[in-house]
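These notes concern the structure reproduced below.
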Number of protein chains: 4
Amino acid sequence: MVGRRDAKATATAAPEAAVPPASKEPRTERGRRTLRAILDAAAEEFGEKGFHDGSIAGITRRAGVALGSFYTYFDSKDEVFRALVRDMSQQVKEHVGPAIRAATSQIDAERAGLLHFIRFARAHKEIYRIIDEAEFVDPESFRMHYATTADRIAARLREAADRGELRDDISEVHAWAIMGMNVFLGLRYSVWAEDADPEAIADVVASMLARGIAR
Amino acid sequence: MVGRRDAKATATAAPEAAVPPASKEPRTERGRRTLRAILDAAAEEFGEKGFHDGSIAGITRRAGVALGSFYTYFDSKDEVFRALVRDMSQQVKEHVGPAIRAATSQIDAERAGLLHFIRFARAHKEIYRIIDEAEFVDPESFRMHYATTADRIAARLREAADRGELRDDISEVHAWAIMGMNVFLGLRYSVWAEDADPEAIADVVASMLARGIAR
Amino acid sequence: MVGRRDAKATATAAPEAAVPPASKEPRTERGRRTLRAILDAAAEEFGEKGFHDGSIAGITRRAGVALGSFYTYFDSKDEVFRALVRDMSQQVKEHVGPAIRAATSQIDAERAGLLHFIRFARAHKEIYRIIDEAEFVDPESFRMHYATTADRIAARLREAADRGELRDDISEVHAWAIMGMNVFLGLRYSVWAEDADPEAIADVVASMLARGIAR
Amino acid sequence: MVGRRDAKATATAAPEAAVPPASKEPRTERGRRTLRAILDAAAEEFGEKGFHDGSIAGITRRAGVALGSFYTYFDSKDEVFRALVRDMSQQVKEHVGPAIRAATSQIDAERAGLLHFIRFARAHKEIYRIIDEAEFVDPESFRMHYATTADRIAARLREAADRGELRDDISEVHAWAIMGMNVFLGLRYSVWAEDADPEAIADVVASMLARGIAR
DNA sequence: CATGAATGAGAGTTCATTCAT
DNA sequence: TATGAATGAACTCTCATTCAT
């Protein structure tokens with residue numbers, strides 16, 4: 001059901017991934033509007049109910065189009081989901097990236113990354129339901145998301161180390177550790193409850209990265 | 001296979017979670033054996049296929065019992081899953097706890113926690129599929145698992161801070177950060193690939209906790 | 001609770017139907033007690049839930065015996081039900097018959113029949129659920145119940161006509177009409193609501209039988 | 001299970017009773033044909049086998065549509081049954097009502113009611129299996145059917161009494177008595193066996209209503 | 001392109017009945 | 001006799017996907 005992950009991944013050459021499968025891109029303006037409506041509706045539906053409990057009927061109902069119209073734009077339920085995961089992944093990157101690049105020190109960059117991620121997650125709580133569920137629905141996208149995110153973090157840490165800003169023994173482990181911290185802090189302080197100030201949380205983590213937690 | 005369910009199932013002494021619903025506890029020895037077989041089979045089935053693609057029929061087939069026998073011990077598919085999540089949660093705690101308590105310093109304790117968690121996850125890769133999917137299938141158990149884990153970490157950090165071992169501004173945020181690091185490092189170095197030495201990973205993290213990553 | 005099953009169970013002399021299948025009559029005193037418990041429990045269970053929603057497990061639970069014990073006394077679910085229908089049928093007859101025979105005039109006899117039937121139904125509301133459902137579960141018993149009841153009524157009307165007490169054109173139609181009236185008045189004023197005095201209802205019907213409803 | 005009696009009944013003002021739930025009314029001609037086929041098939045299936053032994057598969061097989069198509073028009077097995085009971089109830093009323101209104105005297109009206117009811121029941125023997133089983137499957141509809149029927153009878157008897165055609169002490173009891181007679185005579189002479197002339201039966205009852213059965 | 005009816009494989013669940021102890 | 005675990009056929013309901021209009 002979910003397995004056929006065949007040629008598709010390679011086909012979508014662009015790293016960002018064309019949201020609808022190339023074969024079904026809308027040709028008319030009307031078509032573009034319908035596609036967007038379906039995509040937004042899918043984010044809502046899966047965000048609220050998850051992949052398995054969400055239904056195509058639910059998506060088209062939200063989008064205000066006929067059931068059959070779904071298949072004009074997507075080949076299967078799996079496919080919208082895949083498109084959605086890539087889309088969300090892309091959105092996080094676009095939202096957080098600039099803030100990181102604007103930082104002056106690397107510690108400050110990591111602080112900014114967490115801060116903006118928490119803010120993004122507060123505005124898009126579906127992101128957890130969607131990306132996390134990809135672990136079960138579309139492992140390929142799930143891996144891709146975290147692998148590239150970790151790679152990006154590792155690369156910038158490496159550069160900072162090379163610049164002499166960070167410890168020289170910096171490694172992939174540090175990247176995964178930082179990513180894990182961020183994800184869980186987002187889960188706790190964005191999705192579960194917004195009961196703490198994002199700036200304060202970012203401060204705590206920045207200080208911890210700067211000098212550890214030992215006295 | 002999930003392993004030592006022996007002590008628990010018989011005793012059910014632990015207040016935390018009677019694995020089968022009280023109303024359906026087996027009254028004969030034969031019944032106890034069947035229950036154990038079903039539970040182990042469920043861990044296998046869900047670990048391999050996930051909750052939604054796993055089936056009751058798959059479970060009973062693996063367990064070598066008739067389809068209907070499942071319902072002698074559980075009221076629904078959700079219920080075995082719930083039982084399994086609680087069980088795994090309990091197992092992690094039981095496996096990692098002693099190592100933490102045996103440590104001499106608090107940094108060492110956190111190091112030991114991560115080390116043993118990675119080892120546990122390598123031996124029980126299903127744990128990710130099962131606990132993570134609980135976010136969608138049984139949010140209650142999912143929250144419970146991470147909330148209590150974070151609480152436990154926070155409590156021991158606090159005590160260490162009070163003893164003067166850690167920074168005094170230690171908080172819940174640190175607990176969630178550490179938990180997130182551990183979970184993601186486990187995902188990367190236990191489930192995805194065992195391409196690094198657990199001791200080495202633990203060393204990196206311990207050092208990072210001890211003095212941060214700044215030069 | 002259904003009540004005096006005592007006299008009958010032991011005697012079973014009447015050709016109408018040994019309540020438990022002859023092949024399975026209990027031989028010990030303990031057995032007799034268990035049988036009685038099952039029978040009473042079945043009347044409760046089917047009276048409350050109906051035949052299809054009632055279950056063997058429900059019966060044995062109420063009776064306080066093991067599930068398997070049911071099959072020591074009855075061959076199937078249908079069989080208890082059959083036994084129950086015959087039993088209730090018999091009980092009505094035994095309860096109403098004497099009152100009818102004690103009447104001085106035939107109109108009075110019909111009045112007494114209705115009056116006692118209403119009273120009986122108020123004390124045994126299950127009778128409707130059980131006998132009526134027999135139409136679907138055990139048509140044979142259902143037909144038997146109403147056919148013999150109608151025959152009995154027809155016979156006594158005929159005799160009264162022969163004695164000169166009733167119109168000479170009395171027929172089976174009258175018997176069915178009277179039975180139908182009684183059943184529906186019982187449904188309305190015993191099962192649905194006890195919001196009218198049985199004596200008053202009986203008076204109305206008696207007067208109607210005596211001289212019709214025309215002015 | 002059967003309880004949810006939404007707002008539908010009131011919403012669908014149409015006196016005929018919206019047979020399918022509002023939310024699922026067919027929007028195309030093809031849909032209307034399918035719905036009708038399913039409804040007719042359900043009457044057959046339940047009429048022959050009763051509610052519990054009848055199956056959705058049996059209905060769709062008779063209707064010549066796919067199993068899933070059933071759920072395009074009804075939410076559950078209970079729901080078709082409910083629709084059917086209301087439908088049959090309506091049909092009896094529509095069949096018998098005109099004959100009653102055409103009568104010249106009230107005794108004649110009751111005679112006509114019985115006569116046409118017997119005829120209707122001969123043509124639609126399913127009516128008994130369906131309405132009677134509603135007592136167990138959908139008590140609400142069952143009560144509704146008999147309560148409104150009794151009310152209708154009571155109202156017309158009352159008017160006749162006010163006009164001076166009937167005894168002045170006419171009451172609800174008379175209405176239930178007449179309804180019971182009719183139902184049982186229909187059972188006996190329409191469903192069980194058509195071994196008597198409906199006109200003759202109606203004559204007997206009319207005479208009984210006119211002047212009673214006493215000599 | 002859009003529509004919505006039709007399809008049918010598939011899964012969870014129930015429960016009467018059997019049987020080993 | 002009593003017990004309660006085991007069995008598996010049967011059934012309802014879901015929903016992704018197809019297709020005629």
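A, B, ... follow the sequence lines: proteins, then strands. Residue 1 opens every chain. Below, each value reflects all heavy atoms present in this structure, side chains not excepted, and no hydrogens, waters or symmetry copies.
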How is B/Thr28 classified with respect to the nucleic acid when contacts are heavy atoms under 4.0 Å: base, sugar-phosphate, or nothing?
-> sugar-phosphate
For D/Glu45, which residues count as a salt bridge (Lys or Arg N to Asp or Glu O under 4.0 Å) partner, sequence neighbours excluded?
-> D/Arg62
How far apart are the closest heavy atoms of A/Val80 and A/Ala42, and which atoms are they?
-> CG1-CB, 4.0 Å
What ring-ring contact (aromatic ring centres under 6.0 Å, His included) pairs are there with at least one residue in residues 53-72 of chain D, not counting sequence neighbours?
-> D/Phe70-D/Phe74
Taking C-beta and beyond as the side chain, do A/Leu39 and A/Tyr73 meet within less than 4.5 Å on heavy atoms?
-> no
Backbone of C/Val65 reached by a side-chain donor or acceptor of C/Ser69 within 3.5 Å | no
ring-ring contact (aromatic ring centres under 6.0 Å, His included) against C/Phe46, all qualifying residues, sequence neighbours excluded = C/Phe51, C/Phe81
Can you name the closest pair of heavy atoms from D/Phe136 and C/Phe136 and give their distance?
-> CE1-CE1, 4.0 Å
Under a criterion of less than 4.0 angstrom to any heavy atom of chain D, what are the 5'-terminal and 3'-terminal contacting nucleotides of DNA chain E?
-> E/dA5 to E/dG8
Would you mind checking if C/Arg129 and C/Glu126 are paired as a salt bridge, meaning a charged N to carboxylate O distance below 4.0 Å?
-> no
So does C/Thr34 get a side-chain nitrogen or oxygen closer than 4.0 Å to the phosphate oxygens (OP1/OP2) of F/dA2?
-> yes
Given atom OH of A/Tyr73 and atom C1' of F/dA16, what is their separation to the nearest angstrom?
-> 19 Å
Over how many whole Å does the gap from D/Phe74 atom CZ to F/dT14 atom C1' extend?
-> 18 Å
E/dC1 and F/dT21: how far apart are their C1' atoms, nearest whole angstrom?
-> 13 Å
For the pair C/Lys49 (side chain) and C/Glu44 (backbone), establish whether a donor and an acceptor sit closer than 3.5 Å, ignoring hydrogens and angles.
-> no
Please state how far atom CD in C/Glu29 lies from atom P in F/dT1, giving the value in whole angstrom units.
-> 12 Å
Sugar-phosphate only, base, or nothing, as touched by A/Gly68 at under 4.0 Å among non-hydrogen atoms = base
Do the non-hydrogen side-chain atoms of B/Glu29 and B/Thr34 ever get within less than 4.5 Å of each other?
-> no
Contact list (N/O, under 3.5 angstrom) for nucleotides 11-13 of chain F vs protein:
unit_1, atom_1, unit_2, atom_2, d
F/dT12, OP1, D/Lys77, NZ, 3.1
F/dT12, OP2, D/Ile56, N, 3.4
F/dC13, OP2, D/Tyr71, OH, 3.0
F/dC13, OP2, D/Lys77, N, 2.9

Residue A/Arg32 excluded, over 12 heavy atoms near CZ under 6.0 Å | yes
Does A/Thr72 or B/Ser69 map to a spot on DNA chain E nearer the 5' end, using the closest nucleotide for each?
-> A/Thr72
Hunt down any stem DNA chain E takes part in, defined as 3 or more consecutive Watson-Crick or G-U pairs whose two distances are each under 3.5 Å.
-> E:2-21 with F:2-21
